Amino acid sequence: MTTDEILYARFSLQRSNFHLDAELSIPNHGVTGVFGHSGSGKTTLLRCLAGLERSDRGQLRVDGIHWQDGSKGLFMPAYQRPIGMVFQEARLFPHLTVLENIRYGIKRKRTESKPVDLDHVIEVLAIEHLLNRKPDKLSGGEQQRGAIARALLTGPKLLLMDEPLSALDGACKAEFMPFLQRLHNELLTPIIYVTHSLGEITQLADHLVLMENGKTIASSPLDTMLARLDLPLAREEDAVTVINGVVSGIDRQYGLAQVETAIGILYVEAQGLSDHSQLKVHIHARDVSLSLKQPESSSTLNIVEARISEIAECTPTQVNVMLMADDTPLLSRVTRLSCDRLDLQPGMKVYAQIKSISLKRSF
Amino acid sequence: MMEIPGLGPFLLTLKLAGVTIMVLLILGTPLAWWLARTRSRLKMPMEAIVALPLVLPPTVIGFYLLIVLGPQGFIGGPWMSLTGSALTFTFTGLVVASVLYSLPFVVQPLQNAFESIGDAPLEAAWVSGARPLDAFFTVAVPLARRGYITAAVLGFAHTLGEFGVILMVGGNIPGETRVISIAIYDHVETMAYSEAHAMSAILLVFSFIVLLGVYTTNRRWRPL
């Protein structure tokens, strides 16, 4: 147990063709992503935390208080747990307006709940103009924002989100992400965010719990987790390295910003950035190519000197190469053919050419 | 004293249907809720019992009720010693009989309505801090509103049209058990066709107006 832990849980649950065997510990700040493919037990785990699923053998302690203790037969029912839950579908009550939905939760605040400012939540989620409408008059994204407001305004100690974007189409998803990022930024409620999208995880999460076949297989800060080749994360199609950075200069003439990071200075699009702003740099493994010699006269701006620390097969045609640039891991994915032609080996010095970088404003 | 023909039996019928539907909604709600949500093995036998009045001839129900509610019956007996009067051939007895007879018409629509709500809104209510009973009244009942309207109308209308069971259990006592269907039968038996016409017309027009009113309001309520 770490000192900043808000939640410790251990569940064992047997369903007809599924066995959940999960253990996790969640920090009391930021977003903890629970990542796994469908059927891995993420949603069941979340339902156990909410008290909607009852495991006979289970332990759940939140903020020092036992919500569930199988050995003592203790089980706090869902309606007593100071949590907010956002489901895949918004589940707003169809017979109530958005505001009435929100009030429904406020009226039933649990005793241990924290105070939350209604106006602030309404502003962050931009739902002021929707308050007097019934849910069936709203788009999927608007409904989901209403549902988040309802969950947040019960003053939860923890906000549980079960793939809140999965019912939204692509455009809605992109539109929705900034709201989630603002939530994370401005409201201090710790969030447990379940998803099967690595993109959502890397954009939102600080901490990551990995699930496979009903088991929690790893749990640690996001950047550490992304740097482990032994986890299935690195084998995802859009495997990524996330690095913190600070803007240290902006070149107006070319529209580029200099970002200081642990792997050196990187150039990124300056659009929307200002000096000294903090951000997270996302580098997709497939955008990192390797060269044994310092590339001269290359069009690639971002070239980083690094040492190979580990190589692992990813697909029959591709390998993952973990690089260490000044003790900071950077993942590269190259074809097995290139790997053999260059005779890449752990310990070798290489130059990583980063073809593109995406950014996320840091909080 | 001049009386409008059929008014007495007509009012008695309304009273019987009104009381019956009240009792049925109160008793039918927990029963329908249980049937909609239980995983018990008793569910199917219970459903079959609830549906029995749909298939049994009213005379069969009436016959058993006559025995059970009679002064020697296992409900009528205790009732007799408790209140001093029998259950058979009384208004109260008719209510008991009507409740049984119209049970499926109330329980089935309610059960369907509760089933179609599903777990999702209830879970949303629980995680919002609503206790199960609170969630039931603030979420399940409003969402089952159409089921309640259907149940109330069907139960009421079915009680209006009741005949066989009443004849068996209630007889034909003016002001007590002489409901309109019995009165019509009586008039036809005694060849008093004009009275039979008047009463039948009242019932026909009234039933039509009730159903029309319900269907129009129901339409207006559709965008829930």
Side-chain angles (χ1 to χ4, degrees), chain A residues 43 46-54 76-97 100-113 133-137 143-144 146-156 158-162 167, chain B residues 25 29-30 32-34 36-41 43-44 109-153 214-224:
Chain A
T43 297
L46 206 63
R47 290 174 60 83
C48 284
L49 294 176
L52 294 173
E53 209 78 51
R54 186 168 184 160
M76 189 192 278
Y79 56 84
Q80 280 176 358
R81 300 186 180 193
I83 45 130
M85 180 144 181
V86 178
F87 299 90
Q88 287 186 25
E89 343 77 60
R91 297 201 190 179
L92 287 174
F93 304 124
H95 60 299
L96 302 177
T97 64
E100 287 166 342
N101 264 282
I102 292 172
R103 291 232 171 95
Y104 191 94
I106 295 178
K107 267 190 246 163
R108 292 164 176 80
K109 261 192 178 167
R110 278 135 289 197
T111 39
E112 306 170 58
S113 59
R133 294 205 221 154
K134 290 272 181 78
D136 62 350
K137 300 276 184 285
Q143 287 190 28
Q144 203 53 287
I148 292 175
R150 178 176 69 185
L152 269 179
L153 286 162
T154 59
L158 262 179
L159 186 61
L160 309 178
M161 302 181 100
D162 184 10
Chain B
L25 288 178
T29 295
W33 182 253
W34 180 79
R37 302 199 52 90
T38 187
R39 283 183 205 148
S40 160
R41 274 191 213 159
K43 174 180 168 158
M44 275 182 253
L110 289 184
Q111 185 186 342
N112 287 339
F114 290 145
E115 274 168 358
S116 69
I117 291 173
D119 285 339
L122 294 168
E123 288 181 353
W126 300 335
V127 297
S128 301
R131 287 168 172 274
L133 198 63
D134 180 11
F136 173 75
F137 282 113
T138 54
V139 174
V141 170
L143 291 183
R145 186 169 64 181
R146 289 168 145 282
Y148 271 96
I149 293 168
T150 311
V153 171
V214 164
Y215 283 123
T216 35
T217 16
N218 222 1
R219 172 112 350 126
R220 204 180 309 141
W221 279 353
R222 190 149 295 165
L224 187 77

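Keep in mind that what you see is a predicted model, and the values were worked out from it rather than measured.
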* Asked: Between CG of B:L122 and CZ of A:R91, what distance do you get to the nearest 0.5 Å?
  -> 9.5 Å
* Asked: Where on A:R81 is there a heavy atom nearer than 4.5 Å to chain B: the side chain, the backbone, both, or neither?
  -> neither
* Asked: Take atom CZ in A:R133; do more than 12 heavy atoms of anything else shown fall under 6.0 Å from it?
  -> yes
* **Derivation of the side-chain contact (heavy atoms from CB on, under 4.5 Å) call for A:M85 and B:E123** => CA-CA 10 Å; A:M85 180 144 181; B:E123 288 181 353; over 6 Å; no
* For the residue pair B:S128 and A:R150, establish whether any side-chain heavy-atom pair is separated by less than 4.5 Å. => yes
* Output, in order, the C-alpha distance, side-chain angles, deciding distance and verdict of side-chain contact (heavy atoms from CB on, under 4.5 Å) for A:R108 and B:T138. => CA-CA 12 Å; A:R108 292 164 176 80; B:T138 54; 3.4 Å; yes
* **Derivation of the side-chain contact (heavy atoms from CB on, under 4.5 Å) call for B:R145 and A:H95** => CA-CA 10 Å; B:R145 186 169 64 181; A:H95 60 299; over 6 Å; no
* A:F93 to B:V139 - nearest heavy-atom pair and separation -> CE2-CG2, 3.7 Å
* Asked: Which is it for A:Y79 and B:V127 under the side-chain contact (heavy atoms from CB on, under 4.5 Å) test, yes or no, and what are the steps along the way?
  -> CA-CA 5 Å; A:Y79 56 84; B:V127 297; over 6 Å; no
* What closest approach, in Å, do A:Y104 and B:A130 show between heavy atoms, and which atom pair accounts for it? -> OH-CB, 3.5 Å
* **Contact summary for A:L52 and B:W126, nearest pair of heavy atoms** => CD2-CE3, 3.8 Å
